[in-house]
Enquirer: 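Before anything else, here's the structure in question.
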Amino acid sequence: MKITVLTLFPEMFSALSESIVGRAQKEQKFTLDVVDIRTYTEDKHLKCDDYPFGGGAGMVMMAQPIGSSIEAVDPDHAARRIYLSPKGRTLSQEKVISLAESGQDLVLLCGHYEGVDQRAIDLFIDEEISIGDYVLTGGELPAMVLVDCVARYLDGVLSPASLVDESFSENLLEYPHYTRPVEYRGMTVPEVLRSGNHAEIDKWRREQAIALTRKLRPDLLK
Ligand code: 4H3
């Protein structure tokens with residue numbers, strides 16, 4: 001899978017060179033291309049934003065640099081073109097899995113300032129996705145969130161076992177984890193986890209997952 005990010009702030013994406021997602025790129029489990037929208041402006045001063053028609057605060061990203069950059073990176077419209085926006089459908093684990101399993105390349109458009117000219121969205125974007133009901137200064141962090149959670153489901157990035165018992169699989173929150181030492185500040189690791197009885201361990205973990213979900217996220221059980 002190839003993921004192309006369109007942004008005015010490409011350096012923000014250095015975060016994705018670290019850790020598991022960084023390794024996945026090095027091992028070519030997927031390709032991340034971060035493209036500076038400014039490269040495609042036709043303005044002689046390289047301007048990419050302008051004042052909003054109708055007045056009001058802030059600046060709006062111009063349609064031309066966005067349209068030209070999308071057409072340059074995805075000339076045949078082979079990719080799914082996503083705009084990260086608070087107006088989008090809220091991202092879910094189910095959506096993440098379906099994007100990863102589709103295998104379709106992604107183009108992620110990051111807005112900044114007040115947003116982007118609506119014509120760029122109407123003409124070039126397939127879908128708007130939000131990472132939650134709050135507003136950020138730009139779509140870059142949401143794009144990084146999307147890349148990270150999709151990358152986890154691409155072949156060879158994580159061990160398949162890592163993807164089964166995690167929060168939101170089967171609509172449950174994950175059970176608690178413990179590692180050494182057995183005692184820390186007077187608190188001991190539950191006996192059952194040290195028993196070696198894997199049937200009992202599985203049963204305990206499932207009970208914990210259900211109890212935690214009932215307490216913290218009862219909405220998931222409905
Ligand atoms: C996405 C983008 C929140 C989200 C975003 C989210 C700035 C989009 C501007 C940028 C527009 C405001 N904030 N919840 N902010 O996923 O360009 O809408």
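All ligand and atom numbering here is 1-based and tracks the order in the structure.
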Enquirer: Treating Arg38 as the side-chain partner and Leu46 as the backbone partner, does any N or O pair qualify as donor plus acceptor under 3.5 Å?
Expert: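 Confirmed, Arg38 side chain pairs with Leu46 backbone.
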Enquirer: Any idea which protein heavy atom is nearest atom 15 (N) of ligand 1, and the distance to it?
Expert: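 The closest heavy atom on the protein side is Leu136 O, 3.1 Å.
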Enquirer: Given that the side chain starts at C-beta and the backbone is N, CA, C, O, which of these parts of Ser85 lies under 4.0 Å from ligand 1, counting heavy atoms, or is it both or neither?
Expert: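 The part of Ser85 near ligand 1 is the backbone, not the side chain.
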Enquirer: Please classify the His112 to ligand 1 contact at 4.0 Å (heavy-atom distances, strictly less than): side chain, backbone, both or neither.
Expert: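 It is the backbone that gets close, since no side chain atom is under 4.0 Å.
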Enquirer: Could you list the atoms of ligand 1 found under 4.0 angstrom from a heavy atom of Gly139?
Expert: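 What qualifies from ligand 1 is 2 (C), 10 (C).
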Enquirer: Taking everything shown except Tyr178 itself, do over 12 heavy atoms lie less than 6.0 Å from its OH?
Expert: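 Yes.
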Enquirer: Of all the non-hydrogen atoms in the protein, which one sits nearest to atom 17 (O) of ligand 1, and at what distance?
Expert: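 Here the nearest protein heavy atom works out to Gly115 CA, 3.1 Å.
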Enquirer: To the nearest 0.5 Å, what is the distance between CD1 (Ile3) and CG (Leu146)?
Expert: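 So the CD1 of Ile3 and the CG of Leu146 are separated by 7.0 Å.
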Enquirer: Would Leu141 count as a contact residue for ligand 1, given that I'm defining contact as a non-hydrogen atom of the residue lying under 4.0 Å from a ligand atom?
Expert: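 The answer is no: ligand 1 sits nowhere under 4.0 Å from a heavy atom of Leu141.
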Enquirer: Just distances here: any N/O of Ile131 and N/O of ligand 1 closer than 3.5 Å?
Expert: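 Yes: some nitrogen or oxygen of Ile131 is under 3.5 Å from one in ligand 1.
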Enquirer: Under 3.5 Å, N or O to N or O, is Pro142 touching ligand 1 that way?
Expert: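 It does not: no N or O of Pro142 is found under 3.5 Å from an N or O of ligand 1.
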Enquirer: Could you list which atoms of ligand 1 come closer than 4.0 Å to a heavy atom of Tyr83?
Expert: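 Within the 4.0 Å cut-off of Tyr83, ligand 1 contributes 8 (C), 11 (C), 17 (O).
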Enquirer: Considering only protein heavy atoms, which is closest to atom 2 (C) of ligand 1, and at what distance to one decimal place?
Expert: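 Looking at atom 2 (C) of ligand 1, the protein heavy atom closest to it is Leu84 O, 3.5 Å.
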Enquirer: Would you give the length of the straight line joining atom CG of Leu141 to atom CE of Met12, rounded to the nearest 0.5 angstrom?
Expert: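 The CG atom of Leu141 sits 4.5 Å away from the CE atom of Met12.
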Enquirer: Just distances here: any N/O of Gly132 and N/O of ligand 1 closer than 3.5 Å?
Expert: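 N/O-N/O distance under 3.5 Å: yes.
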Enquirer: So if you build clusters from Ile, Leu, Val, Met, Phe, Trp, Tyr with side-chain heavy-atom gaps below 4.5 Å, do Ile121 and Leu123 land together?
Expert: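 Per the 4.5 Å side-chain linkage, Ile121 and Leu123 are co-clustered.
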Enquirer: Below 3.5 Å, N or O to N or O, backbone or side chain included: is there any such pair between Thr137 and ligand 1?
Expert: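 No; every N/O pair is 3.5 Å or more apart.
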Enquirer: Determine whether Thr31 and Met1 satisfy the following criterion, side-chain contact (heavy atoms from CB on, under 4.5 Å), listing intermediate values before the conclusion.
Expert: CA-CA 6 Å; Thr31 303; Met1 176 184 286; over 6 Å; no
Enquirer: Using a distance-only test with no angle check, is there a side-chain donor-acceptor pair under 3.5 angstrom linking His77 and Asp126?
Expert: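 The criterion, which ignores hydrogens and geometry beyond distance, is satisfied for Asp126 and His77.
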Enquirer: What about Glu114: any of its N or O atoms under 3.5 Å from an N or O on ligand 1?
Expert: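 By distance alone, the answer is no.
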Enquirer: Out of curiosity, does Leu99 fall in the hydrophobic cluster containing Tyr153 (side-chain heavy atoms, cut-off under 4.5 Å, transitive links)?
Expert: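 Same cluster: Tyr153 reaches Leu99 through Ile, Leu, Val, Met, Phe, Trp or Tyr contacts under 4.5 Å.
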Enquirer: In plain terms, say whether Lys47 and Asp50 are close enough for a salt bridge, that is, a side-chain N and a carboxylate O under 4.0 Å apart.
Expert: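 Yes, charged N to carboxylate O under 4.0 Å.
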Enquirer: Just jot down the ligand 1 atoms closer than 4.0 angstrom to any heavy atom of Ser130, in number order.
Expert: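 Within the 4.0 Å cut-off of Ser130, ligand 1 contributes 6 (C), 14 (N), 16 (O).
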Enquirer: Pairs of nitrogen or oxygen atoms closer than 3.5 Å, one from Tyr113 and one from ligand 1: do any exist?
Expert: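 In fact, backbone or side chain, Tyr113 has no N or O that close.
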Enquirer: Please indicate whether Asp155 has more than 12 foreign heavy atoms, meaning atoms of other residues, nucleotides or ligands, lying under 6.0 Å from its CG.
Expert: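 No.
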